[in-house]
Chemist: 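My structure is below; once you've seen it, I'll send some questions.
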Amino acid sequence: MSDDLAAVFRREAGRCTATLIRILGDVDVAEDAVAEAFAIAAERWPQTGIPPNPGGWITTTARNRAIDRLRRESTRDARHTAAHRMQELAMEPDDRPELDRLDDFVEVVADDQLRLMFLCCHPALAPDAQVALTLRLLGGLETDEIARAFLVPEPTMAQRVVRAKRKLRDNHASYRIPRPAELPDRLDVVLTAISLIFTEGHTATAGDALARVDLSDEAIRLGRVLVELMPDEPEAVGLLALMLLTDARRPARTAADGSMIRLADQDRAEWDRTLIAEGHDLVRACLRRNRPGPFQIQAAIAAVHADAPTADATDWGQIVTLYDQLYAQRPTSVVAINRAIAVGERDGAVAGLAALEAADPDGLDAYQPYHATRAGLLARAGRRTDAVVAYDRAIALTANPAEHRFLVEARALVEDTGA
């Protein structure tokens, strides 16, 4: 039951929180109410079983608890207002009898999630705070997972999230999808948030499995909703294409025992060709618009990988060129690391290491992908001792069991054979 409850939490917590924020108008009260509802579920469901619509059960329970709390905390002067609000709550869509059907519940919540995303990306907040709050409330990510995405300590990220929620409350930020003229100013942050939700789903910070499929699927769903809302925004289309082309490789990323399989060793017959075809169509649509942006370029890179029938047939020259374009638009260490990998494949490990050294290594000591990439390039360059040290650092920074085992095995191969 604990595993089942955890799965429901991952799938439904963000949706339920979005609905409760719409109903209650208070981020903290909504979060607390949803947490209390899950605590009640942990007590009751082992005896009663999981209800047919667990998300609806959680939302209803959380709402009722929040109403009780509002009643208790209402001051004498505010009781009239609170009573009026109780009448409004009684008319909320969640009270409709047909909401017992899961499809109806999801239809209601989908719009709430999009509203919550744009609330989190309010211009009153700093961009990093906007993304962090979106990941916390909508993506269901824990503070340590968000901190890893931003390469900052966990306490620092916790403070950012608390301050962001307080600022939204103090500014009385409206819980609505912005008007058309307001959308472009918030779009970049919304896209970044969806991308980070997908990234956490693609390779989870922690947990028994390499991926968190629920997060990947949710990010793709949000991407589709956003493209439907803003079909003429090529970056929204590019992000959706990137997620589809990347997710297409999911069936081939792990072996039967759950161990990780690197891209070069994957059985490409297992890649989802339907997702690849849809991703390619979206990339071509972006090319026709001729307004390249970072997500469109990343989607083009993913499309090059998808085009190659074998790893050896990959056009690494084209990928390096695309990374050059991406770095010109987004000169980050993460892009530089991925470019170094491509250079290493095109020009050899020594060239890849030289490119990696340009990625500001002094600021990446706590970034696991930097050390994992460096270890692989060092091993290929024949620098066995340095590779083992780099693998040790990468392993120390890895919480995901599947990824941890992959790195341990790679380290052992270098140490035992000098490979």
Side-chain angles (χ1 to χ4, degrees), residues 1-21 23 30-66 94 96-110 112-113 116 134-146 148 194 196-222 243 247 250-251 253-260 272 399-405:
M1 175 59 68
S2 62
D3 290 342
D4 292 338
L5 183 63
V8 172
F9 180 83
R10 289 193 300 269
R11 185 176 65 249
E12 302 291 353
R15 297 178 176 184
C16 296
T17 301
T19 298
L20 263 292
I21 292 174
I23 294 172
E31 271 199 296
D32 291 344
V34 171
E36 188 174 357
F38 273 103
I40 295 170
E43 294 178 358
R44 294 186 185 176
W45 290 0
Q47 284 74 42
T48 63
I50 297 178
N53 178 1
W57 190 98
I58 291 292
T59 299
T60 300
T61 302
R63 185 188 56 189
N64 291 339
R65 293 288 166 164
D94 289 344
R96 295 179 304 160
E98 67 266 29
L99 206 62
D100 290 337
R101 299 201 304 268
L102 180 60
D103 289 344
D104 288 331
F105 177 75
V106 172
E107 182 180 353
V108 171
V109 171
D112 282 335
Q113 286 178 286
L116 177 56
T134 303
L135 296 178
R136 182 71 186 90
L137 295 180
L138 192 60
L141 272 63
E142 298 298 331
T143 305
D144 62 326
E145 297 169 334
I146 304 170
R148 186 185 79 151
I194 295 175
L196 289 174
I197 293 171
F198 180 83
T199 299
E200 178 63 26
H202 185 67
T203 304
T205 301
D208 296 332
L210 176 65
R212 286 181 57 180
V213 177
D214 58 313
L215 283 183
S216 299
D217 288 347
E218 180 62 13
I220 291 173
R221 190 193 69 79
L222 288 170
M243 293 189 295
D247 201 55
R250 185 203 302 171
R253 293 184 68 222
T254 54
D257 62 357
S259 59
M260 177 178 166
D272 189 325
N400 184 283
E403 195 173 12
H404 189 275
R405 180 166 44 160

Chemist: Testing the basics here: between A209 and A204, what is the closest heavy-atom pair and its distance to 0.1 Å?
Modeler: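 Nearest heavy atoms, A209 then A204: O-CB, 4.3 Å.
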
Chemist: How long is the gap from CG on L196 to OG1 on T134, to the nearest 0.5 Å?
Modeler: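 Atom-to-atom, L196:CG and T134:OG1 are 9.5 Å apart.
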
Chemist: Taking all atoms of both residues into account, what is the closest heavy-atom pair of G201 and L215, and its distance?
Modeler: CA-CB, 3.7 Å

Chemist: Just so I know, are the side chains of V8 and W45 near enough to count as touching, which here means a heavy-atom distance under 4.5 Å?
Modeler: yes

Chemist: Could you go through the side chain to side chain donor-acceptor pair (under 3.5 Å) check for T203 and R253 one step at a time?
Modeler: CA-CA 10 Å; T203 304; R253 293 184 68 222; 3.1 Å; yes

Chemist: At their closest point, which heavy atom of L116 faces which heavy atom of I21, and how far apart are they?
Modeler: CD1-CD1, 3.5 Å

Chemist: Which pair of non-hydrogen atoms, one from P51 and one from P54, has the smallest distance, and what is that distance?
Modeler: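 Closest approach of P51 to P54, heavy atoms only: O-CD, 3.3 Å.
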
Chemist: Could you check if a side-chain atom of N400 sits within less than 4.5 angstrom of a side-chain atom of M260, using non-hydrogen atoms only?
Modeler: no

Chemist: I need the E12 CD to E218 CD distance, nearest 0.5 Å.
Modeler: 9.0 Å

Chemist: Return the minimal non-hydrogen interatomic distance between P46 and A41, and the atom names on each side.
Modeler: CD-O, 3.7 Å

Chemist: Is there side-chain contact between D257 and R405, with at least one heavy-atom pair below 4.5 Å?
Modeler: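 Yes, close enough: below the 4.5 Å cut-off.
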
Chemist: Could you grab the distance from atom CG of L20 to atom CZ of R63, nearest 0.5 Å is fine?
Modeler: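 That separation rounds to 8.5 Å.
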
Chemist: Measuring from atom CG of N64 to atom OG1 of T59, what distance do you get when rounded to the nearest 0.5 angstrom?
Modeler: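 The CG atom of N64 sits 10.5 Å away from the OG1 atom of T59.
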
Chemist: If you apply the rule side chain to side chain contact (heavy atoms under 4.5 Å, CB included), what do you find for I146 with R136, and how did you get there?
Modeler: CA-CA 8 Å; I146 304 170; R136 182 71 186 90; 3.8 Å; yes

Chemist: Rounded to the nearest 0.5 Å, what's the gap from CD1 on I40 to CZ on R65? Could you check?
Modeler: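 Reported value, rounded in 0.5 Å steps: 3.5 Å.
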
Chemist: So how far is it from D214 CG to I197 CD1, rounded to the nearest 0.5 Å?
Modeler: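 Going from the CG atom of D214 to the CD1 atom of I197 covers 11.0 Å.
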
Chemist: Could you go through F198 and D247, starting from their C-alpha distance and side-chain angles, then the distance that decides it, and tell me whether this counts as side chain to side chain contact (heavy atoms under 4.5 Å, CB included)?
Modeler: CA-CA 9 Å; F198 180 83; D247 201 55; 4.1 Å; yes

Chemist: If every non-hydrogen atom of A402 is compared with every non-hydrogen atom of G258, which pair is closest and at what distance?
Modeler: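 Shortest heavy-atom separation between A402 and G258 comes out as CB-O, 3.6 Å.
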
